[in-house]
Amino acid sequence: MENEKWIPLEKYASKHKMSLYQVIQKVKREELRSEVEERNGRKVTYIVIDAEVSEPEGHSEAPKPTEEIQDYKAAYEALKEEFEAYKRKCEGKMNA
């Protein structure tokens with residue numbers, strides 16, 4: 001317990017680029033340890049973080065690019081052509 005650090009829910013959410021709702025859900029599912037303390041007449045919930053534990057792997061690195069789509073421009077053009085065909089189809093139905 002000596003190596004524990006307490007962070008308020010709001011700061012934890014912003015640090016990990018999550019919404020407050022997502023953090024609360026993780027606390028309810030017991031994926032995160034939390035403690036409730038009364039400060040200035042208000043109950044404040046803190047996330048308990050072990051100082052020895054490093055950052056979660058999902059948030060420590062930038063996402064790696066996929067190798068499936070190597071030519072983004074070609075994929076964009078194909079998607080754009082599909083969108084234009086759909087748009088023409090919808091416009092034809094609206095004019096009929």
Side-chain angles (χ1 to χ4, degrees):
M1 289 187 87
E2 293 175 7
N3 296 333
E4 292 180 347
K5 184 172 153 183
W6 288 20
I7 300 177
L9 285 176
E10 295 84 6
K11 287 194 180 192
Y12 183 88
S14 67
K15 180 179 178 183
H16 293 277
K17 297 182 180 171
M18 300 169 68
S19 70
L20 191 56
Y21 176 79
Q22 290 171 321
V23 176
I24 292 170
Q25 290 301 314
K26 284 184 175 245
V27 169
K28 285 184 178 181
R29 288 183 293 218
E30 297 180 0
E31 293 175 15
L32 294 172
R33 285 183 35 210
S34 66
E35 292 289 331
V36 178
E37 185 175 283
E38 191 165 325
R39 293 232 172 151
N40 299 329
R42 289 182 55 213
K43 289 185 179 179
V44 180
T45 304
Y46 292 94
I47 302 297
V48 180
I49 298 176
D50 293 330
E52 298 171 358
V53 177
S54 62
E55 293 291 317
E57 290 182 26
H59 292 20
S60 62
E61 297 178 10
K64 297 178 182 175
T66 60
E67 296 179 8
E68 294 175 7
I69 301 176
Q70 294 180 1
D71 190 1
Y72 292 104
K73 190 169 185 174
Y76 168 77
E77 293 298 328
L79 186 59
K80 184 178 177 184
E81 184 64 36
E82 187 178 329
F83 172 74
E84 292 296 328
Y86 179 75
K87 186 176 173 183
R88 285 189 296 272
K89 180 181 172 186
C90 289
E91 286 176 353
K93 287 183 179 179
M94 291 177 72
N95 292 333

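- Rounding to the nearest 0.5 angstrom, the gap separating the OG atom in S34 from the CD1 atom in I7 is 13.0 Å.
- Atom CD of E82 has 12 or fewer heavy atoms from other residues, nucleotides or ligands within 6.0 Å.
- Here NZ of K5 is found 13.0 Å from CD1 of I47. Values are rounded to the nearest 0.5 Å.
- Under the 4.5 angstrom side-chain criterion for Ile, Leu, Val, Met, Phe, Trp and Tyr, L79 has no cluster partners at all.
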Next item on the list: Show your reasoning for whether side chain to side chain contact (heavy atoms under 4.5 Å, CB included) applies to E91 and K87.
Entry: CA-CA 6 Å; E91 286 176 353; K87 186 176 173 183; 3.6 Å; yes

Indicate every side-chain donor-acceptor pair of residues 38-45 with a distance under 3.5 Å to a residue at least two apart or in another chain.
residue : atom : partner : partner atom : Å
R39     : NE   : E37     : OE2          : 2.7
R39     : NH1  : Y46     : OH           : 3.4
R39     : NH2  : E37     : OE2          : 3.0

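- The OH atom of Y12 sits 4.5 Å away from atom CG of L32, with the distance rounded to the nearest 0.5 Å.
- Applying the 6.0 Å contact sphere to CD of E31 captures more than 12 heavy atoms from other residues, nucleotides or ligands.
- In this structure, CE in M18 is found 10.5 Å from CG in L9, a value given to the nearest 0.5 Å.
- Cluster membership for I24 and I49, using ILVMFWY side-chain heavy atoms within less than 4.5 angstrom, is shared.
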